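The structure appears below as structure tokens.
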Amino acid sequence: MKPIYLDYNSTTTMSQAVIAKVNEVSQYPFNSSATHSLGRKANGIIDEAKAKINEFLNCKNYEIIFTSSATESTNTIFFGSDFSQIIISDIEHSSVYNCRPPHLKVSEISCLENGVVNIDDFIKKIPQNKENFLVSVMACNNETGAIQPVEEIAKITHQNLGLFHCDIVQAVGKIAVDLEKLNVDYASISAHKINGPQGIGALLIRKGLDFRPLIYGGKQQKSKRAGSLNIAGIAGFGEACALAQKNLDDFQKISILRDYLEENLQKITHNNIKIFASNTPRLVNTCFYAIPNISNQTQLINFDLNNICVSAGASCSSGTISQSRVLKAMNVANDFLDGAIRVSLSPQTTKNEIDYFIKIFNEFYQRTKK
Ligand code: PLP
């Protein structure tokens with residue numbers, strides 16, 4: 001039996017059109033540095049992918065630097081710029097949260113109990129001298145799905161002469177993302193979260209802004225990121241962006257299944273359950289819940305034995321389960337901290353799959369409730 005996969009915020013399946021594109025491009029020995037016809041063709045493929053990314057994110061005024069991942073994109077800016085201070089939120093993904101160049105002061109903005117970044121606290125963290133600071137706040141949280149007020153944060157940052165980086169990894173393909181409108185200076189994006197290939201991402205950087213490369217070597221990408229480009233990955237990334245753009249409205253329909261799931265979880269537990277960020281705008285595919293005093297480890301084992309793939313948020317990223325830093329930042333009570341499970345759906349998720357999840361959850365809950 002194929003696993004029931006409900007962990008789409010972690011990674012997605014490559015769509016058929018993306019696989020076809022990657023396969024087609026993989027038939028050729030493309031190197032964009034070559035001066036022969038195949039080199040020119042490779043550059044054409046890169047341009048085509050960039051055009052699709054531009055169309056998807058409205059980012060004509062941004063340079064697109066291809067990287068291996070959003071993690072690399074963020075590291076490039078944090079390590080490669082001469083800021084004297086970085087201000088991040090305390091709910092950032094570890095690719096931002098743990099990216100702390102030793103010479104830099106890093107301050108953290110707290111969040112509210114609903115999982116939204118606290119703007120008042122952000123204003124307090126802005127350095128008095130307004131000198132040379134970078135603010136980095138994610139567009140949507142990967143665990144709770146809470147949509148963050150990044151347009152407002154970018155505005156306040158600029159009014160105070162800082163620059164703004166946004167991790168848009170979980171937002172793209174799920175809500176409309178317009179870089180011009182958000183007015184971000186830098187953004188990190190990853191293909192594998194939007195049905196694209198793994199191992200390819202991009203750094204989007206407002207034209208005119210400069211940075212030191214993270215990776216030195218050849219003159220690829222105007223020496224800003226050395227190394228032969230992943231042409232098949234880039235082609236697949238472009239295709240994934242075009243599809244995500246086309247399917248954005250359809251994506252919103254997932255809320256019907258997600259809400260159905262949550263209503264059932266509430267019924268089974270007689271409301272003895274917390275659904276995080278449910279009282280604030282959040283991604284329609286994400287349900288992050290906790291039941292008190294039933295550990296997520298026990299739940300995960302039970303789901304796994306029943307062929308269901310879910311996660312305990314990002315906290316199990318190293319294969320071990322610890323309490324979620326995001327939930328702690330939201331001041332979640334201890335009883336609930338250990339019992340948190342993230343279920344994340346996709347347009348491919350069926351009602352049968354959700355019914356099966358509900359059945360397994362119910363059997364488990366009746367066995368273990370105290
Ligand atoms: N930012 C967020 C919000 C994420 O969810 C992830 C992946 O889990 C990343 C960044 C890292 O992306 P990548 O796997 O491309 O490094």
Side-chain angles (χ1 to χ4, degrees), residues 5-14 18 53 57 64-79 86 88-100 111 115-117 135-148 150 153 164-175 177 182 184 186-204 214-215 225 230 233-234 236-237 240-241 244 276-277 282-283 285-288 309-319 321 324-327 329-330 340 342-346:
Y5 186 73
L6 296 170
D7 198 15
Y8 286 96
N9 282 7
S10 167
T11 196
T12 59
T13 330
M14 269 207 273
V18 172
I53 296 171
L57 299 175
I64 301 172
I65 317 278
F66 289 108
T67 59
S68 63
S69 58
T71 302
E72 185 192 323
S73 305
T74 299
N75 273 261
T76 302
I77 280 313
F78 280 30
F79 278 88
I86 299 186
I88 61 172
S89 83
D90 62 2
I91 55 162
E92 293 303 303
H93 183 265
S94 51
S95 58
V96 168
Y97 193 80
N98 294 333
C99 184
R100 298 183 182 224
C111 76
V116 176
V117 169
V135 176
S136 181
V137 175
M138 65 198 330
C140 299
N141 184 264
N142 45 301
E143 296 187 29
T144 61
I147 298 171
Q148 305 299 323
V150 285
I153 294 172
F164 184 65
H165 166 262
C166 191
D167 170 348
I168 57 171
V169 169
Q170 291 291 340
V172 289
K174 296 177 180 140
I175 58 171
V177 176
L182 292 179
V184 306
Y186 315 94
S188 300
I189 179 175
S190 184
H192 73 97
K193 306 281 182 178
I194 52 165
N195 306 100
Q198 296 192 329
I200 184 80
L203 168 66
L204 303 148
L214 191 64
I215 296 172
R225 201 276 190 179
N230 173 358
I234 290 169
F237 187 9
C241 288
F276 302 110
R282 70 183 156 138
L283 298 174
N285 75 318
T286 306
C287 165
F288 195 25
C309 306
V310 288
S311 78
S315 44
C316 57
S317 54
S318 59
I321 303 164
S324 157
R325 170 171 51 76
V326 171
L327 294 185
M330 289 163 64
R342 182 187 67 189
V343 186
S344 47
L345 288 63
S346 87

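Please read all numbers here as calculations on a predicted model, not as lab measurements. Order of appearance sets the numbers: ligands from 1, and atoms from 1 within every ligand. Throughout, numbering of the chain's residues begins at 1 and tracks the sequence.
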Does F276 have any ring-ring contact (aromatic ring centres under 6.0 Å, His included) partners at least two apart in sequence or in another chain, and if so, which? F288
For ligand 1, protein residues within the heavy-atom limit of under 4.0 Å are S69, A70, T71, H93, S95, M138, N142, D167, V169, Q170, S190, H192, K193
Separation between OG of S69 and CG of N75, rounded to the nearest 0.5 Å: 8.0 Å
For T71, give me all partners under side-chain hydrogen bond (donor to acceptor under 3.5 Å, both in side chains), at least two apart in sequence or on another chain. none
By ring-ring contact (aromatic ring centres under 6.0 Å, His included), which residues pair with Y97, not counting sequence neighbours? none
Interatomic distance, NE2@H165 vs OG1@T74, rounded to 0.5 Å, equals 3.5 Å
N/O donor-acceptor pair under 3.5 Å between T76 side chain and E72 backbone: yes
